[in-house]
Each structure stands twice: as C-alpha cells, then as structure tokens.
Amino acid sequence: MEKIKILLAEDDQNLGMLLKEYLIARGYQTDLYPDGDQAFRAFQKTGYDICILDVMMPVKDGFSVAK
C-alpha cells in the first residue's frame with residue numbers, strides 16, 4: 001500500500017520540522033516547504049493527497065496557494 005503524500009507549507013522552521021517529524025512517525029510521506037511559492041511549485045510537479053498550509057507565509061500566503 002502506498003503512503004499518503006502530504007505537502008506541508010510552514011515558514012516557522014521549528015514548528016515545520018516538528019510537524020513533519022510527527023507526520024512521518026504516523027506513517028505519512030511528508031515534504032516541508034518554507035514559503036508559499038515553493039509549496040505551489042512543488043504541488044504542480046508532484047501529486048499530493050493532502051496540503052497543510054500556513055496562512056501567513058512569505059512570498060505567497062496559504063490562501064493564495066489554496067486558490
């Protein structure tokens with residue numbers, strides 16, 4: 001069975017790593033991106049099952065990425 005792929009966009013490095021480690025420990029494949037632009041470009045290239053977006057990020061906020 002294939003792991004669920006999660007795109008995690010979080011600009012706070014400590015919180016991002018904590019969330020990523022937790023999700024990996026729960027069995028999810030998780031990629032962390034530090035800003036909305038990088039997250040959006042990764043989303044276009046990779047098929048993610050779930051996106052977890054921080055609302056206030058540099059370059060592009062979570063609301064813009066979700067649109």
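In this text the structure is predicted, and so the values were computed from the model without any measurement. Along the sequence shown, the residues carry numbers beginning at 1.
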Going from [atom1] on [X] to [atom2] on [Y], what distance comes out if it is rounded to the nearest 0.5 angstrom?
X	Y	atom1	atom2	result
M17	L15	CE	CG	11.5 Å
L53	F40	CG	CZ	11.0 Å
I4	E2	CD1	CD	10.0 Å

Between [Y] and [X], is there a side-chain heavy-atom distance shorter than 4.5 Å?
X	Y	answer
D61	D54	no
D49	I6	no
F63	V55	yes

Handout entry: Under 4.5 Å side-chain linkage, directly or through intermediates, the cluster mates of I24
Key =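 Answer for I24: none, a lone residue.
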
Exercise for the section: Can you run down the salt bridge (charged side-chain N to carboxylate O under 4.0 Å, His left out) pairs that involve residues 5-20, sequence neighbours left out, and say none if there aren't any? Expected result: none

Practice task
Give the cluster check for L7 versus L19: same hydrophobic cluster or not, with ILVMFWY residues linked at side-chain heavy-atom distances below 4.5 Å.
Solution key: no

Exercise for the section: Find out if a path of hydrophobic residues (ILVMFWY) with successive side-chain heavy-atom gaps under 4.5 Å connects Y28 to I52. Expected result: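 Result: yes, single cluster for both.
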
Handout entry: Which atom of A9 lies closest to which atom of A39, heavy atoms considered
Key =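 Closest heavy-atom pair between A9 and A39: CB-CB, 3.8 Å.
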
Practice task
Provide the full list of side chain to side chain donor-acceptor pair (under 3.5 Å) pairs with a residue in residues 29-43, sequence neighbours left out, each pair given once.
Solution key: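 Side chain to side chain donor-acceptor pair (under 3.5 Å) check on residues 29-43 returns D31-Y48, Y33-Y48, D35-Q38, D37-R41.
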
Problem - More than 12 heavy atoms from other groups under 6.0 Å of CD on Q44 - result: yes

